[in-house]
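Inspection log for the structure reproduced underneath, given as structure tokens.
Everything numeric here is computed off the predicted structure, so don't read it as measured data.
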Amino acid sequence: MADETVTETENTAATEEQATTPAPAVSEAKPTPASMPKPHAPSPAAFAKKAPAKQHTAAPASNTAYSEADVKAAEAFGRVDDNGTVFVKDGDAEREVGQFPDVSKEEALALYARRFLDLKAKLDLLANRLTSPNVKAREIDESLKLLGEETNEPAVVGDIAALKAQFEELKAAGEAKKTALAEARKAAIAKAVAERTAIVEKAEALAASLGDNTNWRSTADKFRNLFDEWQNHQRTTIRIDKPEAEALWKRFSAARTTFNQARRKWAQARDNERNHAKEVKEAIIAEANELKDSTAWGETSRKFNDLMDRWKKAGRAGRTEDDELWGKFREAADAFFNARQADRDQMNTAEKENLAKKEELLVKAEALVPVKTDAEAKKARQELAKIQEEWDQIGYVPREDMRRIENRLDAVDKQIKSVEDAAWKQSDPEADARKSSFEEQLNAQLAELDAKIAAESDPKKKAKLEAEKATKEQWLNAIK
């Protein structure tokens with residue numbers, strides 16, 4: 001997309017070229033200024049057409065309206081002899097400019113005076129044109145070339161010196177305008193190069209930022225926008241020199257190529273990942289279908305949880321395929337979990353019935369206590385054993401009620417057991433023997449400590465022996 005062609009619109013109006021060649025005299029019909037064609041005012045664009053060689057015969061008169069004063073002022077520089085030959089003062093000399101026979105001298109002189117004013121109008125028009133921002137250097141050169149030819153020895157009557165001086169001023173103004181145009185063009189080209197370089201640098205920055213976290217769709221939109229910006233800039237700005245334009249386009253195109261290659265590589269890797277994810281998920285679906293009819297609720301629930309973890313780690317297989325695969329997996333999982341829930345619902349009903357039965361047994365068990373004597377404890381133990389046997393046969397209760405009722409039953413058992421333990425301690429001969437032996441040992445140790453305390457003179461050691469004695473006395477009191 002380097003700049004190939006640029007169309008520059010010419011803002012000059014097409015006009016009919018003013019006749020500058022005298023027409024040959026015709027004896028049968030005498031031309032008059034009033035009978036001449038009416039040419040339009042010329043534009044500098046029309047100056048590009050070279051005028052034919054001058055002939056010393058009368059030319060058609062201009063029909064452009066000039067003031068009488070301007071015509072008279074021009075006529076002052078010319079004269080017409082008796083043969084209709086027209087002369088003009090050109091510097092210190094006089095030269096023939098044409099011939100217009102068979103009309104009055106006044107008409108002939110006025111015709112050539114108007115031709116002078118026509119030529120001056122061309123110079124004035126170019127002067128105005130030089131102030132336009134749309135004028136082109138080529139237009140200036142072509143206009144000055146033609147006006148130089150026309151003002152060299154013009155076939156007109158008027159102030160030739162002033163006309164030539166005005167032309168010289170126009171040449172100087174034209175050169176200045178061309179210099180200004182060249183500088184403006186140079187600045188415009190530099191500005192256009194900078195703007196297009198900025199577009200290139202944005203594209204290169206995008207290409208350099210590509211990585212694992214790149215949003216490829218968003219980046220593609222940015223490259224597309226930059227390309228549109230490039231095309232619009234190329235259409236709407238000044239033409240850049242071809243070598244520089246081609247170098248910038250090469251950089252821009254290289255950045256786009258880098259992006260396109262990276263995106264294709266990413267797309268291929270994504271497709272491979274999706275295909276792998278699809279294979280993994282299809283294998284998971286097959287396992288789920290094998291498990292969906294299982295009634296090993298706990299074990300199978302754990303396996304389905306493992307399958308779900310593997311599903312999450314498998315990655316994506318594409319939105320459409322993922323939705324379809326998930327539907328199949330969800331169907332198998334729902335079949336199992338719905339069956340498990342139905343079983344739980346049935347079990348909950350049975351557990352609630354069991355709870356009611358056990359609460360009835362609890363009423364009977366709690367009625368056995370309190371007991372105070374060993375005999376009451378033995379009788380209560382027998383009844384509690386029957387209740388516990390029936391309790392175990394009833395089966396499961398709801399999980400949230402299990403600890404509550406178990407604790408109530410345990411409380412009954414503990415109360416009966418406390419009375420049983422107390423009775424056992426009182427009747428246990430081995431315990432009495434151990435108690436008597438320990439008591440004798442303590443008494444012996446206390447007697448020994450009394451002797452040591454009486455013999456000890458060191459206050460610190462004596463205090464330590466007294467502390468030890470106090471401890472053993474506490475033990476003795478505890479077993480009595």
For residues 267-279, which side-chain donor-acceptor pairs fall under 3.5 Å, sequence neighbours excluded?
unit_1: Asn272; atom_1: ND2; unit_2: Gln268; atom_2: O; d: 3.3
unit_1: Asn275; atom_1: ND2; unit_2: Asp271; atom_2: O; d: 3.2
unit_1: Lys278; atom_1: NZ; unit_2: Glu321; atom_2: OE2; d: 3.4

Counting N and O atoms only, with roles assigned by atom type, does the side chain of [X] sit under 3.5 Å from a partner on the main chain of [Y], one being a donor and the other an acceptor?
X	Y	answer
Thr236	Asn232	yes
Asp343	Ala339	no
Glu406	Met402	no
Thr214	Gly211	yes

Quiz item: Looking at Glu139 and Lys177, does any basic side-chain N land under 4.0 Å from a carboxylate oxygen?
Solution: no
Quiz item: With a 6.0 Å cut-off on ring centres, are Trp249 and Phe252 close enough?
Solution: yes
Quiz item: Would Gln166 and Asp124 count as having a side-chain donor-acceptor pair, cut-off 3.5 Å?
Solution: yes
Practice problem: Sequence neighbours left out, what passes ring pair (Phe, Tyr, Trp, His ring centres under 6.0 Å) with Trp266? Give chain and number order. | Solution: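 Applying ring pair (Phe, Tyr, Trp, His ring centres under 6.0 Å) to Trp266 gives Trp216.
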Quiz item: Residues two or more places apart in sequence or in another chain: which of them pass ring pair (Phe, Tyr, Trp, His ring centres under 6.0 Å) with Tyr396?
Solution: none
Quiz item: Mind checking whether Leu144 and Phe167 have side chains closer than 4.5 Å, heavy atoms only?
Solution: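 They are in contact (side-chain heavy atoms under 4.5 Å apart), so the answer is yes.
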Quiz item: Do Arg310 and Lys281 have side-chain heavy atoms sitting under 4.5 Å apart?
Solution: no
Quiz item: Parallel, tilted or perpendicular: which describes the rings of Phe304 and Phe329, with under 30° parallel and over 60° perpendicular?
Solution: tilted
Quiz item: From Glu175 CD over to Asp141 CG, what is the distance, rounded to the nearest 0.5 angstrom?
Solution: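 Separation between the atoms: 7.0 Å.
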